[in-house]
Amino acid sequence: MRAWRKLHSTLLESSRFSRLSDAAGLLYTLLLVAQDDTGYYPWEDAKVRRLIVSRSWSIEEASSYAEEIVTVGLATHTEGGLLLYRGEELNGKLLKDGDPLVYPRCTYVTEPQRGVTEPQRDVA
């Protein structure tokens, strides 16, 4: 997770964002902060718990809010996580001296609304 992320004023004018419940809107804001440089956030047990640690939500509740975000078109399910709409574009350019932040994608995929995924790790 990067130390900071930009929030754009267009969020306040977004018809998609305005259709979210308060809880789903908060989850979306948390995802904006936690996304990688490509706009992706893995939807696996440890990552979801880290994302919602300051909330009283269960993983199932968070998953239902995530589905709400997908339904309005602010994210899509991909590779065991969520890809935020225009996430990479709105993150801006990486500083020359910064290393890219890219979360590993899951090889075993379960859509968030059906439960949390656990990534399948290659055993050497």
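Note that the numbering runs from 1 along the sequence shown for the chain.
Expressed to the nearest 0.5 Å, how far CG of Leu101 lies from OG1 of Thr38 amounts to 8.5 Å. The distance from the CG atom of Asp22 to the CG atom of Leu27 is 12.5 Å, given to the nearest 0.5 Å. Summarising the geometry, atom CG belonging to Leu84 is positioned 8.5 Å from atom OG1 belonging to Thr76; distances are rounded to the nearest 0.5 Å. Between atom OG of residue Ser18 and atom CG of residue Leu12 there is a gap of 11.0 Å, rounded to the nearest 0.5 Å. Note that OG of Ser14 and CG of Leu20 are 8.0 Å apart. Values are rounded to the nearest 0.5 Å.
By the rule that hydrophobic residues join a cluster once side-chain heavy atoms approach within less than 4.5 Å of another member, Tyr65 and Val72 end up as members of one cluster. Residues Leu51 and Trp57 are members of one and the same hydrophobic cluster, defined by side-chain heavy-atom contacts under 4.5 angstrom among Ile, Leu, Val, Met, Phe, Trp and Tyr. Note on Leu32 and Tyr85: separate hydrophobic clusters, where clusters join Ile, Leu, Val, Met, Phe, Trp and Tyr whose side-chain heavy atoms are under 4.5 Å apart, directly or indirectly.
Shortest non-hydrogen contact noted between Leu82 and Ala66 is CD1-CB, 3.8 Å. Here the closest non-hydrogen pair linking Arg19 and Glu68 is O-OE2, 4.2 Å. Closest heavy-atom contact between Ser58 and Ile52: O-CD1, 3.9 Å. Minimum interatomic distance between Tyr103 and Pro42 (heavy atoms only, all atoms of both residues): CD1-CD, 3.4 Å. The minimum heavy-atom distance linking Glu61 with Ser56 is given by the pair OE1-O, 4.0 Å.
Residues that satisfy the salt bridge (Lys or Arg N to Asp or Glu O under 4.0 Å) test with Arg49, not counting sequence neighbours, are Asp45. Residues passing the side-chain hydrogen bond (donor to acceptor under 3.5 Å, both in side chains) test with Arg86, sequence neighbours excluded: Glu89. Considering only residues two or more places apart in sequence or on other chains, Arg16 meets the side-chain hydrogen bond (donor to acceptor under 3.5 Å, both in side chains) condition with none of them.
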Evaluate the criterion side-chain contact (heavy atoms from CB on, under 4.5 Å) for residue pair His77 and Trp43; output intermediate values, then yes/no.
CA-CA 9 Å; His77 298 291; Trp43 204 259; over 6 Å; no
List the steps and the verdict of side-chain contact (heavy atoms from CB on, under 4.5 Å) for Leu83 and Gln35.
CA-CA 8 Å; Leu83 185 64; Gln35 69 183 314; over 6 Å; no
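A donor-acceptor pair is defined here as one N or O able to donate and one able to accept, closer than 3.5 Å; no such pair exists between the side chain of Tyr40 and the backbone of Arg105. Tyr41 contributes a side-chain N or O that, together with a main-chain N or O of Lys47, makes up a donor-acceptor pair within less than 3.5 Å.
Tyr28 and Phe17 have tilted rings, their planes meeting at an angle from 30° to 60° on a 0 to 90° scale.
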